[in-house]
Amino acid sequence: MDGLDKLLKPKSIAVIGASDSPNRAGNVVIRNLLSGSFHGPIMPVTPKYDAVAGVLAYPTIDSLPRVPDLAIVCTNAHRNVEIIRQLGEKGVKVAIVLAAGMANIVTDGQTEEQRMFDVARQFNMRLVGPNSMGLILPWINLNASFSPIAANKGNIAFISQSAAVCTTILDWAKNKNVGFSTFLSLGDACDINFAELLDNLCRDSKTEAILLYIDSVKDARRFMSAARAAARNRRILVVKSGRTQAGSAAAFLHTGSPAGLDAVYDAAIRRSGMLRVNNTHELFAAVETLAHSVPLRGERLAILTNGGGPAIMAVDALADRGGKLAQLSDETTSKLSAILPSCWSKANPIDIIGDADINRYEQAVKILLDSDDFDALLIMHSPSAIAAGNETAKRLVEVLNSHPRTRKFNILTNWAGEDEAIISRKIFTEAGYPAYRTPESAVSAFMHLVEYRRNQKQLMETPVSFGETKANPQHVHDVVNHLLAQGVTQLETHDVRPVLEAYGFTTLPTWIASDPAEAAHIANQIGYPVAVKLRSPDIPHKSEVHGVLLYLRTAEEVANGAQAILDRVSLEYPNARIDGLLVQRMAKRAGAQELRLSVHHDTTFGPVILLGEDAGDWDIHKNAAVGIPPLNMALARYMVINAIKTGKITQRNLPEKIDIPALCRLLVKTSQLIIDCPEIESFDIHPLLATGDEMTVIDASMTLRQFKGNRQQRLAIRPYPKELEETVALNNGERILLRPILPEDEPQHAEFIAKVSVEDLYKRFFSDVGEFNHEALANLTQIDYDREMAFVAVQHSTNNKGEPEESIVGVTRALSDPENIEAEFAILVRSDLKGVGLGSILMNKIIRYCREAGLQRITGMTMPSNRGMIMLAQKVGFEIDIQMEDGIVEMLLPLPSER
């Protein structure tokens, strides 16, 4: 990783601005470094002192006896540009800048932060900060921070943009004996950011979980790629500040970066397979769970309690979060009835009654652990004179530790109270079982595991294809370019209609009338009732002049209503341009639900899709579910289900409920439209009339803009690169399609692997792979096109019914590093299709792709027995290194730049 090794594994440290004054950051950092027992040299730099904290100091950066791996810059903000220049000249490759306020100091139109970054870039130097609290790496005894609290060794990495949140987390972790693998304060993140750290930490053997505190993200595309990759290997929790509009404004003042819509961040976090928690209280509960938890087995929660009231609170919290209460089997109920008073609840929650002693707790827990009725068990205890809290906790720890099935479940505990309960909770925590102070925090922590599992499932779900989207992008480009050439950027329903119909949207026929008389004539032709609407580019909100009239039933009503609209406009907006009147036949709204579908351009994540119910006071901050394109049917379904679950859409008691697959198809069409046409800045459909599986656009508006630049780079996630498809001929004359792999290819990919011989699979994967499960196949088919490419060779044929079908006969893939410097390639051909030139075609395809992607080299690895692969690699120019002792052959192909 570029520059990060010296940050996360430094062997020597220089402290610039070291001080002997106790209140200075340069003194706190030196003392923390010394108290942490860091094994490498620590070099204070200051012209004021001969030594700092007893360590020989150096007057200048140039006088340092060696080039430090890492520099901690503790000087005032106005000095830091020159300090970074001196460090760069010395050869230092990474520095942490502590000073705040550098974004507020402007010189010659540039902030000090930008000037510092520009200087660092000249020397290929990496920066953390400014406004950083520093870095703590407990596993190498490094505390290069000005935190008053150290961090214990552990398996959680914490990365934060807020120094204050860092100290809060450290204080809590110290109390709970929770440790960290890495603890880093990013500050304003002018250079090193979340994406690079996620790429690094997801490969760190000391890190099992990653916590992020985010104010804002600057590069959404890079962040999404890194998060999606890291979330497949590590559990990642996110606290995102700025959940409200006021909070977003405060976040902007804090980091200087636009925060964007909070609901979009929410969607991005879910889409990446991470888990968002709403505040530091939830974060503490989540950390408690992560530090002690086994992977979640399922979502069914059993609750064992000696108090009915707290258990009901837990059930309420579970229901509010969409959790599942486990159902007890007859067998388990019978066993519990044998040891509990007759008045026990005989259901979950399992109330063992307030007079329960330690033995009753022990017997009940053993019966539950012997059953398979639940996936997680919450053991609750209210203060009791009969079952003393500490003694009960100790006995249950013994029971849990000795029972052979304990590790099959997630065990959580809630010992209520303060004085004695604190000790009880510590007993559980030290034994490796998460302990919570309240029923709500225990359930919240459990639901974090559930929601995380759901997000992971979303990350791995195979989408369902509904066939080719009806789309005519060329027609849309012609329409849009014609309008832009005329200076038209604001489109109303009549103008939007041909764009939407080109992508298969169902719209209401619309006519334009130049005056009230023509409007009445059109209404007579199309039939009543009708709607009449004002067309004016200068009045975006027609309601301001009552510019929309509905359910007009006669020619007289139409003519009078249209004239009234024009009269109001001339009175209130005398200079407004009038482009006529729209006349539509009224749609049948009985039994239909009115939805709203919008495309919004987010400042951070680019175009996003918003879905909710149509309402006059629709607020995108509160009333919209968010989807990040590209969407397929699976992702669209998650968006719709989330909208229903969060109340953004209500499943009303109508004769025909909303057809979810039909709505998903509409969302996928919307996604494809905004991918194909970057000139669409935004558009809004309201209302969208949903009647069963019929989705009808009633009104729509659209904003256009001239677009220059990379059409796909504006999206937070790279869409399917259709431009890379090509048809090629095999040696036998058969033509096959080479195209990028799709998530929907999972079933075909499984069939393909089944037709590859065991020997060929062994050569490809270096082991006996057996049958690939869903997760393995999802990893192969659901790829991030920004970091990985896989081309499948698709053979077209007909089945015995005469229907066309496709089958995968070969695949080549290249997985690049995050810096896009080197890619590792692999090729696999169906065993019965060797000798027809397919391997050579796939090899040349992946080489061309890597060269066009700007990679510098391709590497690969095979076995000495795989002579066909070795000869093919030699033929196209690979350097071959046969390492017989290790039983591998390494292949390397440099890709010199064509510039």
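Hydrogens, waters and symmetry mates are skipped; everything else that's a heavy atom, side chains included, is used.
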Closest non-hydrogen atom pair, [X] against [Y]:
X      : Y      : value
Cys677 : Val476 : SG-CG1, 3.9 Å
Ala873 : Met891 : CB-SD, 3.6 Å
Asp693 : Asp659 : CA-CB, 3.5 Å
Gly273 : Tyr452 : O-CE1, 3.5 Å
Glu734 : Asn732 : N-OD1, 3.0 Å
Ala624 : Ala263 : O-CB, 4.4 Å

Quick one: which residue pairs count as a ring pair (Phe, Tyr, Trp, His ring centres under 6.0 Å) with a foot in residues 807-830, not counting sequence neighbours? Phe825-Phe878
Pairs where residues 788-816 contributes a residue and the test ring pair (Phe, Tyr, Trp, His ring centres under 6.0 Å) is met, not counting sequence neighbours: Phe791-Tyr849
Hey, is the main chain of [Y] close enough, under 3.5 Å, to the side chain of [X] for a donor-acceptor pair?
X      : Y      : answer
Asp602 : Leu261 : yes
Arg718 : Tyr785 : yes
Asp760 : Val756 : no
Ser671 : Leu631 : yes
Thr691 : Glu694 : no
Lys669 : Phe505 : no
Asp199 : Cys202 : no
Arg235 : Ile210 : no

Side-chain touch [X]/[Y], heavy atoms, less than 4.5 angstrom:
X      : Y      : answer
Val217 : Tyr265 : yes
Ile827 : Val811 : no
Gln706 : Thr489 : no
Leu610 : Leu597 : no
Val264 : Thr604 : no
Leu892 : Ile858 : no
Met789 : Pro721 : yes
Thr781 : Leu742 : no

Go through it in stages, so that I can follow the logic: the residues are Leu673 and Leu500, the test is side chain to side chain contact (heavy atoms under 4.5 Å, CB included), and I'd like the CA-CA distance, side-chain angles, deciding distance and then a yes or no. CA-CA 8 Å; Leu673 173 60; Leu500 297 182; 4.1 Å; yes
[X] [atom1] to [Y] [atom2] distance, which is reported to the nearest 0.5 Å:
X      : Y      : atom1 : atom2 : result
Leu738 : Thr727 : CG    : OG1   : 8.0 Å
Ile880 : Met871 : CD1   : CE    : 11.5 Å
Asn866 : Ile888 : CG    : CD1   : 13.5 Å
Ile658 : Ile644 : CD1   : CD1   : 6.5 Å
Leu895 : Glu852 : CG    : CD    : 11.0 Å
Arg276 : Ile236 : CZ    : CD1   : 15.5 Å

Can you see whether [X] engages [Y] through a side-chain donor-acceptor pair at a distance of less than 3.5 angstrom?
X      : Y      : value
Glu824 : Thr859 : no
Tyr720 : Glu725 : yes
Asn472 : Gln474 : no
Glu822 : Gln856 : no
Asn779 : Glu775 : no

Between Leu688 and Thr696, is a side chain to side chain contact (heavy atoms under 4.5 Å, CB included) present by the stated rule, with each step listed? CA-CA 6 Å; Leu688 171 70; Thr696 307; 5.8 Å; no
Taking Ile753 as the fixed residue, which of His749, Glu751, Lys755 is the one that meets the side chain to side chain contact (heavy atoms under 4.5 Å, CB included) rule? His749
Given Leu483, which partner from the list Leu704, Asp478, Val499 fulfils the side chain to side chain contact (heavy atoms under 4.5 Å, CB included) test? Leu704
Ion pair [X]/[Y], N-O distance below 4.0 Å:
X      : Y      : value
Glu788 : Arg813 : yes
Glu451 : Arg454 : no
Asp786 : Arg221 : yes
Arg453 : Glu299 : yes
Glu759 : Lys763 : yes
Arg497 : Glu501 : yes
Asp5   : Arg126 : no
Asp266 : Arg270 : yes
Asp745 : Arg739 : yes

Among all residues two or more places apart in sequence or in another chain, which pass the salt bridge (Lys or Arg N to Asp or Glu O under 4.0 Å) test with [X]?
X      : result
Arg228 : none
Asp784 : none
Arg121 : Asp118

Should we say atom CD of Glu771 is surrounded by more than 12 heavy atoms from elsewhere, each under 6.0 Å from it? no
Let's go through Phe707 and Ile680 carefully: what are the C-alpha distance in whole Å and the side-chain angles of both, what is the deciding distance for side chain to side chain contact (heavy atoms under 4.5 Å, CB included) to 0.1 Å, and is it a yes or a no? CA-CA 9 Å; Phe707 181 81; Ile680 297 174; over 6 Å; no
Evaluate the criterion side chain to side chain contact (heavy atoms under 4.5 Å, CB included) for residue pair Ile675 and Leu715; output intermediate values, then yes/no. CA-CA 8 Å; Ile675 288 169; Leu715 300 164; 4.0 Å; yes
Side chain to side chain donor-acceptor pair (under 3.5 Å) against Thr207, all qualifying residues, sequence neighbours excluded: Ser181, Asp204
